[in-house]
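Everything numeric in this text was worked out from a predicted model, so none of it was measured.
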Amino acid sequence: MEILRTEKGGARRLPTRQGQAVLVCVGACLAAVVLASVLLTGVRPGIAVVSLEFDDTLANQFSARSILAEHRMHATFFVNSGRLDRPGYLTVAELRALASDGHEIGGHTIAHARLPGLPTLEQRHQICDDRRALRALGFDVSDFAYPAGAYDSASAEQVRSCGYESARDVGGIGSPPCIFCTWAETIPPRAPMATRTPGSLRRVHSLPRIQALVRRAQRVDGWIQLIFHHICDACDDYSISAEDFSTLLDWLAKEREAGRVAVLTARQVIRGATPPPRRLAAE
């Protein structure tokens, strides 16, 4: 190893050719990671990828349709096929209207079943038959969300074997002011059958707190999945008002215009494609 004499007479070792080669390799790997992110998502570095997601097939989620259309954004609706057309839940006609706008329809089990601990045949029934039922209704179903985020290695394998390309957890990403927590999911996800999220959004999650989640994801060029349930005025702990949801989308639209945010469905992120959006209902 070579020695470099400093002005003060000290000595500093210079890296050998082998050390220099290692440094070059590390730099090339880092560059490859950045390039892969661009190629896989069509989004340049420095942008948070945000997915707007709705769970549990709740009827009041249909009110998000006009708000999403107004902001030219698409969401992913994770649906329990056994709840369709029942009181308090979305109808098949409403789900088809959402899909016709370009929103993604995903699976969420037939009856919102907690998967770990269920017999293997019941797990397959809840996961596979749910997907079959939604596909029989004409929906392209490729992504899944574990009810309540509950899963284990057996249920994750069942999801994969039923034909899903990804499955979403409820957790794994810390919320501010947590400093040493994971700030965003990677693109592509490190574990497609257990993609990480900040958890379901509740009434206590103010707009500044949700914005902080997105801003942290911007710092690491990551993916943040925002999970919503009820769209209503304080009708449930897991709710956001239509006014606050619209205000959030106003802010996301400004961030998108400034080049700091891309709003994509779960399918778009997983498949690494950004197809042109379909014509929205409000256009």
Side-chain angles (χ1 to χ4, degrees), residues 48-80 83 87-91 94-95 97-98 101-106 108 112 143 145-149 168-178 183-185 195-218 223-256 260-266 269 280-282:
V49 174
V50 176
S51 290
L52 305 169
E53 301 178 353
F54 294 86
D55 284 12
D56 296 359
T57 332
L58 301 168
N60 53 32
Q61 293 173 357
F62 193 68
S63 64
R65 184 191 185 195
S66 60
I67 302 172
L68 289 162
E70 179 185 351
H71 294 85
R72 299 179 60 82
M73 294 179 185
H74 294 101
T76 299
F77 290 80
F78 289 105
V79 174
N80 310 103
R83 290 177 166 179
Y89 297 104
L90 292 168
T91 67
E94 288 171 333
L95 201 62
L98 290 168
D101 286 353
H103 301 296
E104 177 186 1
I105 307 302
H108 201 38
H112 202 265
D143 301 285
Y146 298 106
R168 196 205 67 207
D169 192 359
V170 178
I173 292 175
S175 298
C178 180
W183 285 6
E185 181 57 273
T195 63
R196 298 167 292 178
T197 75
S200 297
L201 297 176
R202 303 167 67 179
R203 288 175 58 191
V204 296
H205 292 95
S206 62
L207 289 176
R209 287 184 66 180
I210 300 174
Q211 291 168 343
L213 290 170
V214 176
R215 288 196 175 100
R216 282 163 54 121
Q218 289 170 334
W223 178 27
I224 200 81
Q225 298 177 80
L226 300 178
I227 305 171
F228 301 95
H229 285 77
H230 291 275
I231 302 290
C232 61
D233 292 329
C235 68
D236 190 271
D237 185 31
Y238 290 89
S239 67
I240 185 171
S241 69
E243 180 180 0
D244 283 351
F245 184 64
S246 182
T247 301
L248 173 63
L249 266 56
D250 286 341
W251 178 76
L252 286 174
K254 292 177 182 177
E255 291 293 293
R256 179 178 59 185
R260 293 187 291 265
V261 158
V263 180
L264 305 177
T265 65
V269 176
L280 298 179

Measure across [X] and [Y] and return the closest heavy-atom pair with its distance rounded to 0.1 Å.
X	Y	answer
C235	S239	N-OG, 4.1 Å
A253	H71	CB-CD2, 4.4 Å
R256	R72	NH1-O, 3.0 Å
S51	A266	OG-N, 4.0 Å
Y146	V170	O-CG2, 4.4 Å
H229	Q61	O-NE2, 3.0 Å

Does any part of the side chain of [Y], heavy atoms only, come nearer than 4.5 Å to the side chain of [X], both counted from C-beta?
X	Y	answer
V261	Q218	yes
E53	E104	no
F245	E243	no
L95	Y89	no
L207	T247	yes
I240	I231	yes

State which residues pass side chain to side chain donor-acceptor pair (under 3.5 Å) with N60; sequence neighbours excluded, sorted by chain then number. H230

Residue pair D56 / H112, side-chain donor-acceptor N/O under 3.5 Å: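 Yes, H112 and D56 have a side-chain donor paired with an acceptor closer than 3.5 Å.
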
Restricting to side-chain contact (heavy atoms from CB on, under 4.5 Å), what partner residues turn up for [X], sequence neighbours left out?
X	value
A75	L52, F54, L68, F77, H103
E94	F62, L90, T91
D233	S241
A148	none

Residue from D55, D143, T76 passing side-chain hydrogen bond (donor to acceptor under 3.5 Å, both in side chains) with R168: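 For R168, the side-chain hydrogen bond (donor to acceptor under 3.5 Å, both in side chains) test succeeds with only one of D55, D143, T76, which is D55.
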
In a check of side-chain hydrogen bond (donor to acceptor under 3.5 Å, both in side chains) between E255 and each of R215, Q211, R260, which one passes? R260

Separation of [Y] [atom2] from [X] [atom1] (nearest 0.5 Å):
X	Y	atom1	atom2	value
L264	M73	CG	CE	11.0 Å
D244	H205	CG	NE2	13.5 Å
W183	R216	CH2	CZ	5.0 Å

Just do the side chain to side chain contact (heavy atoms under 4.5 Å, CB included) check on T195 and W223 with the steps written out, would you? CA-CA 10 Å; T195 63; W223 178 27; 4.1 Å; yes

Under 3.5 Å, side-chain donor or acceptor atoms of residues 196-203 against the rest of the protein: list the pairs with distances, not counting sequence neighbours.
{"residue": "R196", "atom": "NE", "partner": "E185", "partner atom": "OE1", "Å": "3.4"}
{"residue": "R196", "atom": "NE", "partner": "E185", "partner atom": "OE2", "Å": "3.2"}
{"residue": "R196", "atom": "NH2", "partner": "E185", "partner atom": "OE1", "Å": "2.7"}
{"residue": "T197", "atom": "OG1", "partner": "G171", "partner atom": "N", "Å": "3.1"}
{"residue": "T197", "atom": "OG1", "partner": "G199", "partner atom": "N", "Å": "3.0"}
{"residue": "R202", "atom": "NE", "partner": "D237", "partner atom": "OD2", "Å": "2.9"}
{"residue": "R202", "atom": "NH2", "partner": "D237", "partner atom": "OD2", "Å": "2.4"}

